[in-house]
Amino acid sequence: MMSAARTTAEPLKIGLLGAGNVGSQVARTLVEERELISSRVGAPIKLIGVAVRDVEAPRDWKIPGELLTTDAEALVDESDLIIELMGGLEPAGALVERALRAGTAVVTGNKALLAVQGGALSQAATESGALLRFEAAVGGAIPILRPIQESLSGDRITKVMGIVNGTTNYILDQMDSTGAAFYDALAEAQRLGYAEADPTADVEGHDAAAKAAILGALAFHAPFTIDDVYCEGITAVTSADIEAAAASGYVIKLLAIVEKNDDGAILRVHPTLLPRTHPLASVRGAFNAVFVVAENAGELMFYGQGAGGLPTSSAIMGDVVSVARRLHGGPDRPGAAGTDGDAQRVRGLPVDDARTQYYIDMVVADREGVIAEVARVLADHHVSIESMRQPGSVSIDGEVDTEAARERGAVVQIVTHLAKEKDLSDTVATLRALDVVRAVNSVLRVEVEQ
Ligand SMILES: NC(=O)C1=CN([C@@H]2O[C@H](COP(=O)(O)OP(=O)(O)OC[C@H]3O[C@@H](n4cnc5c(N)ncnc54)[C@H](O)[C@@H]3O)[C@@H](O)[C@H]2O)C=CC1
Ligand SMILES: N[C@@H](CC=O)C(=O)O
Ligand code: NA
């Protein structure tokens, strides 16, 4: 049985299995951000070892040599919490099972394993009281499994549909937007750390099918496996298909769809034509998006980075913090504001410090030199202009360029670059005070840049 909740200040011992794209980023976070993660947990944590195949292999982040080991089993036996990021069925499956049977908590991103042995592993966890979490297994960084398992646990989910494989979305997007060749786009997806160790799993749809099985199992509370999923990948999709779809206003996306009716559930993965106006059509690159439909909640949409070492490590670390809180006897929830021991508490700042773009609509005297005067006021306040329009004079009832309209003044509409709220409000006050400015009608904030 799982050992009693830890109440001492003894660090929680974390063992990491695998240090590839995701594992090396998780190792970096556990070492470089140890204090922050410990403060989020509310108790100390410590990475005690990283099991690798080759201690000399180059990695995205250089793991301190004393942490590296090739003895994964010994590391499992010494740890309180195992993070499995080797991928594949074996030896990952046996190691995860070994940990769970010993009551050791496991966090994994291994959808291939979960889609085959998820039921048996959950059973092993239940029997020993061990915790098993796998948010990274579907949608990479996107929190999607916990919302399904927890937030929607009081509702009935009827359908989950989305783009759940970053590699194939990247390939299809590159082919569609740049005319890239399939294998060039795949090679780039591999270089960027999106693809599975064997990318056949991505392009043949098996990775998306594994995710569909996990989504179906959690959404419908049923023991679905990858064998229950109808699966077609993208290898049969040609450049000609993509061009023809584009000519008719469609884009081709690999979708995973799990839906329930009165008789049961259908789980499927296949390339699908979507109108370019469909929300999933705008999901570009390795991004994922998942729609969930529930009887009472209606439609929900989740969007974010579905692949890549760094984004995926975020989901892994979220599970690690959540599990570590429970192992330390604390609640599996964030502390109330300012109570979780987070040393980097953030103070509130005045809105004057906010930076955004602005749209200003004003009426100025219709004469020479006025625009230069307006532009100078903006420059004096460090507000630069992105675009300026002069749609015409102030007309009433549709009159066009009459003497009377010109007398009322000219409309000027300005969009600024990023500026500080304080500089903008000073700018507007100065503009209002100018003789040549008849009125400042609107000042609206514009969000363009991330
Ligand atoms: N890369 C991504 O975007 C995402 C990956 N995942 C999952 O996370 C897991 C890891 O993915 P990546 O880091 O991309 O894979 P990767 O192939 O880059 O890394 C796996 C690492 O595990 C090592 N490994 C394999 N067998 C081992 C053994 N017996 N002993 C010691 N080390 C061993 C490999 O040498 C490799 O360095 C996989 O289950 C994958 O499906 C989940 C979400 C996103
Ligand atoms: N290979 C996967 C990685 C994330 O799950 C993908 O491309 O989405
Ligand atoms: Na996720």
Side-chain angles (χ1 to χ4, degrees), residues 14 16 18-30 32-33 36-37 40-41 60-61 83-87 106-115 132-152 160-171 173 188-197 201-202 207-208 210-212 214-215 218-219 253-256 279-280 282-292 300-325 332-334 450:
I14 299 180
L16 173 62
N21 291 310
V22 186
S24 56
Q25 296 298 342
V26 168
R28 182 190 58 73
T29 306
L30 286 167
E32 290 185 348
E33 309 270 20
L36 176 76
I37 300 299
R40 293 280 164 85
V41 171
D60 289 350
W61 183 72
I83 305 172
E84 186 277 305
L85 289 167
M86 286 175 169
V106 173
V107 171
T108 178
N110 193 338
K111 51 272 158 123
L113 176 65
L114 292 163
L132 171 63
R133 296 281 165 88
F134 44 90
E135 180 58 73
V138 181
I142 308 171
I144 175 70
L145 299 186
R146 213 175 309 179
I148 287 177
Q149 286 176 290
E150 294 182 18
S151 317
L152 291 166
V160 183
M161 170 176 103
I163 294 169
V164 294
N165 183 269
T167 301
T168 47
N169 201 57
Y170 181 84
I171 294 170
D173 185 37
E188 188 60 4
Q190 288 177 286
R191 193 186 67 75
L192 292 167
Y194 305 150
E196 294 303 301
D202 296 294
D207 179 78
K211 291 165 177 168
I214 296 169
L215 288 169
L218 298 184
K253 296 287 189 189
L254 184 72
L255 295 193
L280 290 178
S282 60
V283 176
R284 306 285 307 272
F287 278 78
N288 284 190
V290 185
F291 280 109
V292 179
L300 305 157
M301 184 171 172
F302 300 80
Y303 170 83
Q305 297 200 62
L310 206 52
T312 305
S313 73
S314 167
I316 294 285
M317 290 309 304
D319 278 349
V320 167
V321 170
S322 158
V323 164
R325 280 183 181 140
D332 178 14
R333 59 172 173 75
Q450 297 281 332

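In this chain, numbering begins with 1 at the start of the sequence shown. None of these values were measured; they are calculated from a predicted model.
For S313, the side chain to side chain donor-acceptor pair (under 3.5 Å) criterion is met by no residue, not counting sequence neighbours. Partners of T29 according to the side-chain contact (heavy atoms from CB on, under 4.5 Å) rule, which considers only residues two or more places apart in sequence or in another chain, are E33, I37, M317. Every residue was checked against the salt bridge (Lys or Arg N to Asp or Glu O under 4.0 Å) condition with K253, not counting sequence neighbours, and none meets it. Evaluation of the salt bridge (Lys or Arg N to Asp or Glu O under 4.0 Å) rule for D202 yields no partner, not counting sequence neighbours. Looking at residues two or more places apart in sequence or on another chain, you find no side chain to side chain donor-acceptor pair (under 3.5 Å) involving N21. Applying the salt bridge (Lys or Arg N to Asp or Glu O under 4.0 Å) test to D60 and every residue at least two apart in sequence or in another chain returns nothing. In this structure, the ring pair (Phe, Tyr, Trp, His ring centres under 6.0 Å) partners of Y303, at least two apart in sequence or on a different chain, are F287. Residues satisfying the side chain to side chain donor-acceptor pair (under 3.5 Å) test with E188, not counting sequence neighbours, are R191. By the ring pair (Phe, Tyr, Trp, His ring centres under 6.0 Å) test, Y170 is found to be paired with Y194, residues two or more places apart in sequence or in another chain being considered. Remark: A256 engages V164, A212, V269 in a side-chain contact (heavy atoms from CB on, under 4.5 Å) (not counting sequence neighbours). Shown here are the side-chain contact (heavy atoms from CB on, under 4.5 Å) partners of A19, two or more places apart in sequence or in another chain: V50, V52, R59, I63. Residues that satisfy the side chain to side chain donor-acceptor pair (under 3.5 Å) test with E135, not counting sequence neighbours, are absent from this structure.
Across D319 and A136, no two heavy atoms sit closer than the pair OD2-N, 4.4 Å. Of all heavy-atom pairs spanning P311 and A141, the tightest one is O-CB, 3.3 Å. Of all the heavy atoms in A289 and L280, the pair that sits closest is CB-CD2, 3.6 Å. Heavy-atom minimum distance, I214 versus F134: CG2-CE1, 4.0 Å. Of all heavy-atom pairs spanning G140 and T312, the tightest one is CA-OG1, 4.2 Å. Contact record, Q190 with A195: CG-CB, 3.7 Å, taken as the closest heavy-atom pair.
A donor-acceptor pair is defined here as one N or O able to donate and one able to accept, closer than 3.5 Å; no such pair exists between the side chain of S322 and the backbone of G318. A side-chain donor-acceptor contact under 3.5 Å links N169 to the backbone of G285. Here the side chain of S282 pairs a donor or acceptor atom with the backbone of P279 at under 3.5 angstrom.
Rounded to the nearest 0.5 Å, atoms CD1 (I142) and CE (M301) are 9.0 Å apart. The CZ atom of R325 sits 8.5 Å away from atom CZ of R40, with the distance rounded to the nearest 0.5 Å. If you take CZ on R284 and CD1 on I163, they are separated by 11.0 Å, rounding to the nearest 0.5 Å. Taking CG of L145 as the reference point, atom CG of L114 lies at 9.0 Å (rounded to 0.5 Å). Summarising the geometry, atom CG belonging to L218 is positioned 10.0 Å from atom CD1 belonging to I144; distances are rounded to the nearest 0.5 Å.
Results of the side chain to side chain contact (heavy atoms under 4.5 Å, CB included) test with E84 over N110, V107, L16 single out N110 as the only residue that passes.
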Item checked: Residue pair V283, N288: steps toward the side chain to side chain contact (heavy atoms under 4.5 Å, CB included) verdict -> CA-CA 7 Å; V283 176; N288 284 190; 5.7 Å; no

Margin query: Walk me through whether I83 and T108 qualify under side chain to side chain contact (heavy atoms under 4.5 Å, CB included).
Written below: CA-CA 6 Å; I83 305 172; T108 178; over 6 Å; no

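The shortest side-chain heavy-atom distance between F302 and P147 falls under the 4.5 Å cut-off. Taking the side chain as every heavy atom from C-beta outward, V26 and V320 never approach each other to under 4.5 Å.
In this structure, a donor-acceptor pair under 3.5 Å is present between the side chains of Q25 and R28.
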